[in-house]
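Notes follow the structure.
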Amino acid sequence: MPELPDVEMFKGYLDSTALHKKIRKTEVSEERILSGVSQQMLARRLKGSELEETKRHGKYLFARIRGDGWLVLHFGMTGELAYYKDPHDRPEHARMVLRFENGYELAYVSQRMLGQVSITGDIESFAAERGLGPDALSGEVDRERFLEMLEGRKGMIKPALMNQSMIAGIGNVYSDEILFQAKVNPKTPANKLSVDEKKRLYRVVRRVLRTAARNGADPEKMPRGYILPHREEGSKCPVCGGKVKKMTVSGRTSYYCPRCQRRP
DNA sequence: TTCCATGTTCCGCA
DNA sequence: TTGCGGAACATGGA
């Protein structure tokens with residue numbers, strides 16, 4: 001699930017639940033999810049402290065630990081957060097649990113464990129180490145910068161949009177939505193896009209991500225005319241009524257409308 | 001039983 | 001150098 005809009009939703013969730021709560025205990029049931037920090041170190045850093053604010057960069061969520069540093073959460077393909085009062089409600093795949101003084105728990109849930117939890121002193125240097133480009137919704141990515149990024153790229157537009165070192169935050173599902181809204185075929189070489197198409201893509205990237213974030217990244221709440229709720233081969237295109245098709249683009253399943261998104 | 005899945009990373013190759 | 005395809009990671013549902 002977690003692309004930029006989903007992580008934005010997790011951010012709001014953490015903000016409205018676990019912020020400013022004193023941490024009594026940290027439990028990690030799967031050490032594999034930790035990256036660059038031991039269970040003991042993590043527990044020591046968090047104990048008696050609280051999470052004070054959150055930031056998001058691409059698909060990463062950062063929670064500032066009172067005192068020093070940031071807790072880093074990345075959700076992989078199946079991650080999410082859960083805050084609950086009764087430990088019996090602890091989700092099955094809770095890999096890390098913060099237990100607060102008030103008795104509540106915040107769980108980092110990850111069925112497939114493709115995500116990671118770590119600690120960093122500084123978000124900018126963390127992003128630089130991971131080779132993350134600017135966040136797709138940040139002011140850093142203005143139209144000019146976006147056009148420059150696509151300059152000279154010979155590869156297909158879809159993997160370019162999903163390339164986290166170019167822009168951070170767009171994944172498989174939302175790249176499909178963006179290309180559908182912009183009426184661009186996913187396999188179009190980036191350098192074959194007209195200037196108009198590139199400008200349109202820029203506008204659409206922001207509009208789609210903002211809209212999805214505002215609607216809690218819930219496919220059912222997307223505006224009419226979005227392909228997201230129709231990610232199924234043979235499903236009806238919400239714009240032209242034609243059939244949605246499935247194809248593989250650089251190893252990922254893509255849904256698109258051949259009529260609305262013609263090859264150049 | 002086999003295939004597939006909203007992410008990332010690494011390798012081989014063009 | 002850039003970018004693509006495939007594999008790997010790990011788990012479970014259709």
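In this text the structure is predicted, and so the values were computed from the model without any measurement.
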Taking dG6(C) as the reference, what is the distance to dC3(B) when you measure between their P atoms (whole Å, please)? 15 Å

Counting any heavy atom closer than 4.0 Å, what does Gln164(A) reach on the DNA or RNA strands: base, sugar-phosphate only, or nothing? sugar-phosphate

Met113(A) has an atom CE; how far is it from atom P of dT6(B), in whole Å? 19 Å

Does dA10(C) have its OP1 or OP2 closer than 4.0 Å to a side-chain nitrogen or oxygen of Arg32(A)? yes

Check every strand shown and say whether Arg252(A) touches a base, only sugar-phosphate, or nothing at a heavy-atom separation below 4.0 Å. base

Counting only side-chain N and O atoms of His74(A), is one of them less than 4.0 Å from OP1 or OP2 of dG7(B)? no

Please report the distance, rounded to the nearest Å, between OH in Tyr255(A) and C1' in dT6(B). 11 Å

Taking all non-hydrogen atoms of both residues, which atom of Pro2(A) and which atom of Gly76(A) are closest, and how far apart? CD-O, 3.5 Å

Measure CZ/Phe10(A) against P/dT6(B) and give the value in whole Å, please. 15 Å

Heavy atoms under 4.0 Å, any strand shown: does Thr248(A) hit a base, just sugar-phosphate, or nothing? nothing

Using only heavy-atom distances, determine whether the side chains of Tyr255(A) and Glu233(A) contain a donor-acceptor pair under 3.5 Å. no

In whole angstroms, the gap separating C1' of dG7(B) from CG of Leu73(A) amounts to 15 Å

Does the side chain of Lys158(A) come under 3.5 Å of the side chain of Asn185(A) through a donor N or O and an acceptor N or O? no

Atom-pair distance (NZ on Lys154(A); P on dT1(C)), nearest Å: 14 Å

Between dT11(C), dT6(B), dG7(B), which one does the side chain of Met162(A) approach most closely? dG7(B)

Looking just at side-chain N and O atoms, do Ser125(A) and Asp122(A) make a donor-acceptor pair shorter than 3.5 Å? yes

Any Lys59(A) side-chain nitrogen or oxygen under 4.0 Å from OP1 or OP2 of dT6(B): no

